[in-house]
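A short write-up of the structure that comes next.
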Amino acid sequence: MLEALTQDHAQQGFALGCLIGDLALDLSAEHEEARKELASIMARWSVLVTSCLTEARNQGGHDRNAQAGELASTVIQAWEGAAMRGRVDRSRAPYDRFLTCPCRG
């Protein structure tokens with residue numbers, strides 16, 4: 001999924017960021033209602049990624065001792081950073097670093 005998103009960003013010349021990340025950066029400090037909604041969206045995103053990681057762990061896809069929720073948060077935060085840096089640099093390199101970096105739980 002993340003490789004497909006990377007390819008989509010590449011096709012757009014890395015001019016895209018993440019809508020949620022962009023809104024969080026722009027609105028969260030000044031608009032409390034928007035900040036709360038963005039926090040809720042990110043929490044739901046974490047639940048979905050946690051579910052995927054739990055399923056992967058159960059199928060032997062990653063370390064059985066890894067805390068899926070913490071790993072999910074790390075993956076999301078790293079992805080957001082890669083999207084931001086890719087947009088600034090107009091480069092695939094941050095995405096490639098993200099996609100090839102082993103996550104340890």
Side-chain angles (χ1 to χ4, degrees):
M1 176 191 81
L2 295 170
E3 175 61 41
L5 285 170
T6 298
Q7 290 175 10
D8 184 54
H9 284 222
Q11 290 172 350
Q12 302 299 320
F14 299 102
L16 301 175
C18 170
L19 177 60
I20 301 305
D22 291 347
L23 287 172
L25 290 172
D26 291 341
L27 297 176
S28 63
E30 308 215 5
H31 300 282
E32 184 63 17
E33 187 175 333
R35 186 197 67 74
K36 287 179 181 178
E37 184 60 29
L38 289 162
S40 176
I41 290 167
M42 289 180 175
R44 289 191 307 263
W45 194 4
S46 291
V47 168
L48 294 171
V49 174
T50 298
S51 176
C52 289
L53 291 171
T54 299
E55 184 177 333
R57 180 186 60 212
N58 292 342
Q59 295 178 8
H62 72 83
D63 185 351
R64 284 203 158 298
N65 295 320
Q67 298 296 319
E70 287 299 311
L71 185 55
S73 291
T74 300
V75 167
I76 291 166
Q77 291 164 22
W79 172 259
E80 289 298 315
M84 179 184 66
R85 183 70 186 264
R87 186 173 181 184
V88 169
D89 293 350
R90 296 280 197 257
S91 169
R92 184 186 167 99
Y95 294 92
D96 290 337
R97 278 191 296 276
F98 170 84
L99 292 169
T100 59
C101 180
C103 292
R104 305 259 186 245

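For reference, positions follow the sequence shown, starting with 1. Predicted model, so just to flag it, every value in this text is computed and none were measured.
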Which value, rounded to the nearest 0.5 Å, describes the distance between E33 atom CD and L27 atom CG?
11.0 Å

V75 and F98, any side-chain heavy atoms less than 4.5 Å apart
yes

Look at atom CZ of R85 and say whether more than 12 heavy atoms of other residues, nucleotides or ligands are closer to it than 6.0 Å.
no

Would a single hydrophobic cluster contain both W79 and L19, if residues Ile, Leu, Val, Met, Phe, Trp and Tyr are joined by side-chain heavy-atom contacts under 4.5 Å?
no

Over all heavy atoms of both residues, which pair between R90 and G13 is shortest? Give the atoms and the distance, please.
CD-O, 3.1 Å

Please report the interatomic distance CD1(I41) to CG(L23), rounded to the nearest 0.5 Å.
8.0 Å

Under 4.0 Å between a Lys/Arg side-chain N and an Asp/Glu carboxylate O for E80 and R87?
no

Using the rule that two of Ile, Leu, Val, Met, Phe, Trp, Tyr join whenever any of their side-chain heavy atoms come within less than 4.5 Å, decide whether L48 and M1 are in one cluster.
no

Tell me whether S40 contacts the main-chain N or O of K36 through its side chain, where contact means a donor paired with an acceptor under 3.5 Å.
no

Are V49 and I20 connected, step by step, through hydrophobic side chains (Ile, Leu, Val, Met, Phe, Trp, Tyr) whose heavy atoms are closer than 4.5 Å?
no

If Ile, Leu, Val, Met, Phe, Trp and Tyr residues are connected whenever their side-chain heavy atoms lie under 4.5 Å apart, and connections chain through other members, are L5 and L99 in the same group?
yes

So which atom in P94 and which in S91 form the shortest heavy-atom distance, rounded to 0.1 Å?
CD-O, 3.4 Å

Count the heavy atoms of every other residue, nucleotide or ligand shown that sit under 6.0 Å from CD of E3, and state whether that count exceeds 12.
yes

Do the charged groups of R35 and E32 touch, with an N to O distance under 4.0 Å?
yes

Compare all side-chain heavy atoms of R92 with those of T6 and state whether any distance is below 4.5 angstrom.
yes

So do W45 and T50 actually touch side chain to side chain, heavy atoms under 4.5 Å?
no

Between the side chains of Q7 and Q11, is a donor N or O closer than 3.5 angstrom to an acceptor N or O?
no

Atom CD of Q77 and atom OG of S46: how far apart are they, to the nearest 0.5 Å?
8.0 Å

Following the transitive rule for hydrophobic clusters with a side-chain heavy-atom cut-off under 4.5 Å over Ile, Leu, Val, Met, Phe, Trp and Tyr, establish whether F14 and L2 coincide in one cluster.
yes

Might you confirm whether atom CE of M84 has over 12 heavy atoms from other residues, nucleotides or ligands at distances under 6.0 Å?
no

Tell me the closest heavy-atom pair linking T54 and A68, and the distance in Å.
OG1-CB, 3.4 Å

